[in-house]
Each structure stands twice: as C-alpha cells, then as structure tokens.
Protein chains: 2
Amino acid sequence: MYQIDVMSRVPVYEQIVEQTEKFILAGILKEGDKIPSVRNLSVTLSVNPNTIQKAISELDRRGLVTSVPGKGCFVSDKARKALTVVKRNNLEIIREKTEELVMAGIDKREVIAVVEEVYEKKEGLKGETAPFKDEGGQ
Amino acid sequence: MYQIDVMSRVPVYEQIVEQTEKFILAGILKEGDKIPSVRNLSVTLSVNPNTIQKAISELDRRGLVTSVPGKGCFVSDKARKALTVVKRNNLEIIREKTEELVMAGIDKREVIAVVEEVYEKKEGLKGETAPFKDEGGQ
DNA sequence: CCAACTGTACTACATAGCATAGTACAGTTG
DNA sequence: CAACTGTACTATGCTATGTAGTACAGTTGG
C-alpha cells in the first residue's frame, strides 16, 4: 500500500499524508473506509507510531478523515470533494514549471504532449481499485 | 534583483540558487557576467555570508558559475545550455501534477489553457532585460 | 466483565539541516 | 599596500523531524 522513502527530503509523515490523498482521489480509499490503525501502520511501514499519528492528525485537520477514539480512523464523507478543490493548486505549480520551460526554450508541443498523454491514459479507468486488504484481528 | 523569503520552507541558499538559475534562463545573467560578490549579496539580502557562499558553491557544483579567487564569480559559458537540459525534469513534475488533476476530475482543457497561456505570454519577450546594476566600489 | 484493540496526549531525547557569528588565509587589483 | 575577491574553518543556536516510552479513555468481542 504505502511506499515510504526514508531517504527523501520529504518528511515521512508528509509522505503518508500525500499518499493518502492520492488513494482517496484514485478511489483506492472510499468515503467511510477505515484506515489502518496507528499501531498497525507503524509496524507495517516500520515507522514510529508518533509519526503515523502526526500524519493522521494532519489528515484530520484537513477534513479528509474523521477519527473515532476506540473505533478507528475513517475517510470523511466529503474527502474527495475537498481534495478536488485543493488539487486545483496544481495548476499554479504547472504554470510555474511551464514558465521555466519557456525560458529554457523547450517546445510547447512537448509540454502539451505530456498533458495529453496523461489524460488519454487515465481517462477511462478512474476509481476502480481495491481498498485496503483485510486487516484481520490485531 | 533577488527576492528572499525568510519565512519560506525553502532554505535561503536554495532560493538564491533557484533564482540565479532563472536569471540565467531569462538572460538577465549572461555567460561571462560577474555575479555580485559574497559580501555584497550578504549585505544586500541581509543574509549571512556563509549562506551566500553555500549557494555559490552549489551553483559551482552544478557547473553554472565559475569562481576565481581574488576576482569574483562568473556565469559559466555553457550555463544556459546546461540548464536547458536540467529543466527538462519539469516535464516529469508536470506529469505528476497532471495525474492528480485527472484523478480530481479537473477538465483537461483547464490544464491545456494554463500551458497555452504561459507560452503566449512569454513567447515574444525572451532574454531582453538588464543585468545587475553597477556594483560600484566596495 | 475484561482483555485487546482503537485514538490521543504527554515528556524526553537524538539527529540533521539551516542559518548566524567570527576568524583566518590566499589571490587580485589599482 | 590597502581593499577588494573567494574560500575554509570552528562554534553556536534554532527548528523540524523522528524515535522512545508511558499513560489515559473509548470500543468491542469473547
């Protein structure tokens, strides 16, 4: 599920937040789905429980998950909608990177081609993946 | 010239590196141009000399500038060409961000529009700006 | 009821990166 | 030779990150 790169300059807890966002957007995590427990993830990812909790807290703060003490942590009802709004910021990042490409003399068609390619590849298959596998006991 | 944001999570020395890259790409800094001295920049930007030097070292390591002890620091001959190669990485970043936008259900036309807009705006006016202003004495 | 799970809240500690401060040395230039 | 240039140190402080351990309260299934 999660892929943590401890060598990355991106903090571990932030990697977890980002990846969770992607799972929600991709439909791998659906509204109401239960997220693996702090202690479970801690063992699975070989990361300290506190680090996991920090990620969960951030996801909670962003309104993407709802924590229920004693029960677990669940994907919020409006998580996907919230993310759609947030991800609009990507357009600004794309603008910045494109500006550098203009300066560097890279052809416009190269940039357009990348965008087209991504849309063609992903257009048909959205949100058709399996949720977390059975967490069993523990 | 340089705009440093001390509140940013991006380190100051990295901001200097990035901005210098942009100046080179934009033609504000041309091959052979002299970069303001460490002590000069240190005062101008209200940044410690060591921080400036760290940025210079990084630019040197990337082959964008050549330091000459006693004389100064100059934009390398092939700096612009080198950057053109490096900036191709932006295409990968754009790919990632676009993938998220697909997931979030943002329309392809919105993305394309941003790219088109940037190219239309910058296409005509490339590399027509003033270099560093007279450094005078000191 | 109770053991075992769940989230949450602490304190303490270690480490790394960033930035500052001050000093020192060597090359260049007018 | 004075004043600039880049470079190389050491030392210090701060912050973010991550780890470690403990504790408490709610939930659940046997």
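Both backbone and side-chain heavy atoms feed into the values below; hydrogens, waters and symmetry mates do not. Naming: A, B, ... by sequence-line order, numbering from 1 per chain.
With respect to the salt-bridge test (charged N to carboxylate O, under 4.0 angstrom), the residues A:Glu18 and A:Lys22 do not qualify. Remark: B:Lys121 does not engage A:Glu99 in a salt bridge, criterion side-chain N to carboxylate O under 4.0 Å.
A close approach under 4.0 Å does occur between a side-chain nitrogen or oxygen of B:Lys71 and OP1 or OP2 of C:dT29. Checking the phosphate oxygens (OP1, OP2) of D:dT7, a side-chain nitrogen or oxygen of B:Ser67 falls inside 4.0 Å. An OP1 or OP2 oxygen of C:dA19 is reached within less than 4.0 angstrom by no side-chain nitrogen or oxygen of B:Lys54. Note on A:Ser37: a side-chain N or O is less than 4.0 Å away from OP1 or OP2 of C:dT6. For A:Thr51, no side-chain nitrogen or oxygen approaches OP1 or OP2 of D:dT17 to under 4.0 Å.
Residue B:Val12 has its side chain nearest to C:dA19 when only C:dA19, D:dT19, C:dG7 are considered. Across D:dT7, C:dA19, C:dT20, the shortest atom-to-atom separation from the side chain of B:Pro11 is found for C:dA19.
Under the 4.5 Å side-chain heavy-atom criterion for ILVMFWY residues, a single connected hydrophobic cluster contains both A:Val102 and B:Ile112. Linking Ile, Leu, Val, Met, Phe, Trp and Tyr whenever their side-chain heavy atoms come within less than 4.5 Å puts B:Ile4 and B:Leu29 in one cluster. Connection of B:Tyr2 to B:Leu59 is established within a shared hydrophobic cluster, with ILVMFWY side chains joined at heavy-atom distances below 4.5 Å, either directly or through further cluster members. Cluster annotation: B:Ile35 is connected to B:Leu25 through the hydrophobic network of ILVMFWY side chains, with a link wherever side-chain heavy atoms come within less than 4.5 Å.
Note on residues 65-76 of chain A: no pairs pass salt bridge (charged side-chain N to carboxylate O under 4.0 Å, His left out), not counting sequence neighbours.
Remark: the A:Arg9 side chain and the C:dG17 base include no donor-acceptor N/O pair separated by less than 3.5 Å.
Between A:Asn50 atom CG and D:dT22 atom P the separation is 13 Å, expressed in whole Å. Going from atom CD of B:Gln15 over to atom P of C:dA19 covers 8 Å, rounded to whole Å. In this structure, A:Gln53 atom CD and D:dT19 atom C1' are separated by 14 Å, rounded to whole Å. In this structure, B:Arg39 atom CZ and D:dA8 atom C1' are separated by 12 Å, rounded to whole Å. In this entry the distance linking CG of A:Asp60 with P of C:dT6 reads 18 Å, nearest Å. Distance A:Ile52 CD1 to D:dT19 C1': 12 Å, rounded to the nearest Å. If you measure from atom CD of B:Glu58 to atom P of C:dC18, you get 10 Å, rounded to the nearest angstrom. Per the geometry, OH belonging to B:Tyr13 stands 4 Å off P belonging to C:dC18, to the nearest Å.
Between A:Val47 and A:Gly70, the one whose closest nucleotide on DNA chain D sits nearer the 5' end is A:Val47.
Every stem involving DNA chain C, taken as at least 3 paired positions in a row under the Watson-Crick or G-U wobble test at 3.5 Å, is listed here: C:1-30 with D:1-30.
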